[in-house]
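Note that the coordinates shown come from a computational prediction; the quantities given were computed from them, not determined experimentally. As the structure lists them, so they are numbered: ligands from 1, and atoms in each ligand from 1.
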Amino acid sequence: MSKARLLMPGSTIGIVGGGQLGQMMALRAKYMGFRVGVLDPTPDCPAAQVGDWQIEADYDDTDAIRQLAERSDVLTYEFENVDADALDAVSDIVEIPQGTDLLRVTQDRIQEKTFINKHGIGTAPWRPVNDMDDLRAAVAEIGLPAVLKTTRGGYDGHGQFVLRDDADIDRVAQVRPWAGDFAPSILEGFVDFAYEASILVSGNGEQYVTYPVVRNIHRNNILHITIAPAEEAADPSSPLAQAARDLALRLASGFQLAGTLAIELFVLRDGRVLVNELAPRPHNSGHYTIEACSIDQFEAHVRGIVGWPLPEPRLLSPAVMVNVLGQHVAPTRALIATHPEWFTHDYGKAEVKHDRKMGHITVLTDDPAAEAARLEATGCWDDLKKD
Ligand SMILES: Nc1ncnc2c1ncn2[C@@H]1O[C@H](COP(=O)(O)OP(=O)(O)O)[C@@H](O)[C@H]1O
Ligand SMILES: [Mg+2]
């Protein structure tokens, strides 16, 4: 892809997927004067509540994707499991500045890790694994502990199995999706990281800008808290900030990135950084940018796909972001009246479910670690407490 075509306000952006990421993209796009159409099977989905129109159909409905393309000037997506062939099939009638290579690479852990390593960037050691014999051979090479991951379709820890000892190898043959027809997978060495982090990079196909490195705390494989910036990266000239920025810019130019790309990182105890995985879209760990940065990850995404220039994002204040899952909706609402410092986001999802991302709260603060402790002390997130 080369530079995205410059589109003017009044043009229509079509988004495949209408969840919270699509909603926040749509909100920014509306501020900028664009029209927004959404493809999502759920009536009145979060993005449709703020967009101009919705096509109610499944994401992989090729007729619906064609309809979305016909009614839009540019197409984007809010998640990576979109049918790349279906997008290619409409590329003659609509702009798709992100292209489909980025999508194909990030949909497949083998392609993704190959791409990252090819750009001289470290990952956990990994091997493709397609049956139990491959698995034994890979364990012999990589050692234990290790993580088995399906090559495609995983999210929030789904499609993963941690192997700690030899007995776990045989257990794999009994659990889905490896029992019976063995799901194509990779085995990754288990990284003894100091903590997890991420960095966002946005581009318009020829110019790329990065965001601060943030620290991410997961519970049950779901993002819980983001601390912005990560303490060791608060100084932009720190080794961590520089290493992350450097790898982000290398990946962005490797993809000729248009839009926002999130890069999940492992920060090792010796300070080195490895890339865990890529998400070719705005990311939960970047929600803090809405209040804390001079341009947020959604506006950067929209600018990138409509070919606008990108200002260098500035962190206006350190921040902490905490997710509001289904079980946190009632306890956090009960405290809204007493927390003027909470920037409360609710995605407007009709159905409240346990572990479902319903919203998030961002707090601007000079001491994000202390604020994170204050949030925890409210008790709203006690179900996630580790013993
Ligand atoms: N190789 C690894 N070593 C240690 N922890 C890992 C490894 N791979 C994944 N994890 C843990 O599992 C989480 C989810 O894995 P990830 O590959 O990011 O999949 P998902 O697509 O589900 O986000 C990571 O955020 C990290 O906490
Ligand atoms: Mg992940």
Which of the numbered atoms in ligand 1 are under 4.0 angstrom from any heavy atom belonging to [X]?
| X | value |
| --- | --- |
| Gly157 | 20 (P), 22 (O) |
| Glu264 | 18 (O) |
| Gly154 | 21 (O) |
| Phe193 | 4 (C), 5 (N) |

Look at the N, O or S atoms of Glu277, main chain and side chain alike, and state whether any lies under 2.8 Å from the Mg ion (ligand 2). yes
Donor-acceptor contact below 3.5 Å, side chain Asp63 vs main chain Gln67: no
Any donor-acceptor pair under 3.5 Å from Ser238 side chain to Glu232 backbone: yes
What is the nearest protein non-hydrogen atom to [atom], stated with its residue, atom name and distance?
| atom | result |
| --- | --- |
| atom 27 (O) of ligand 1 | Glu196 OE2, 2.6 Å |
| atom 17 (O) of ligand 1 | Lys149 NZ, 2.6 Å |
| atom 13 (C) of ligand 1 | Asn221 OD1, 3.5 Å |
| atom 23 (O) of ligand 1 | Glu277 OE2, 2.7 Å |
| atom 19 (O) of ligand 1 | Gln160 NE2, 2.9 Å |
| atom 3 (N) of ligand 1 | Val191 N, 2.8 Å |

Among Gln20, His287, Gln23, Glu291, the one residue meeting side chain to side chain donor-acceptor pair (under 3.5 Å) with His345: Glu291
When Thr123 is tested against each of Asn276, Val191, Ile116, Leu274 for side chain to side chain contact (heavy atoms under 4.5 Å, CB included), which residue passes? Ile116
Part of Asn276 within contact of ligand 1 (heavy atoms, under 4.0 Å): side chain
Kindly give the heavy-atom pair with the smallest separation between Gly304 and Ala258, and that separation in Å. O-CB, 3.9 Å
State whether [X] and [Y] are salt-bridged, where the test is any N-O pair (Lys NZ or Arg NE/NH1/NH2 against Asp/Glu carboxylate O) under 4.0 Å.
| X | Y | value |
| --- | --- | --- |
| Glu231 | Arg215 | no |
| Arg269 | Asp192 | yes |
| Asp52 | Lys30 | yes |

Considering only heavy atoms, which of Trp126, Phe266, Phe190 lies nearest to atom 10 (N) of ligand 1? Phe266
I'd like to know if Ile93 and Ile55 are part of one continuous hydrophobic network [Ile/Leu/Val/Met/Phe/Trp/Tyr, side-chain heavy atoms within less than 4.5 Å]. yes
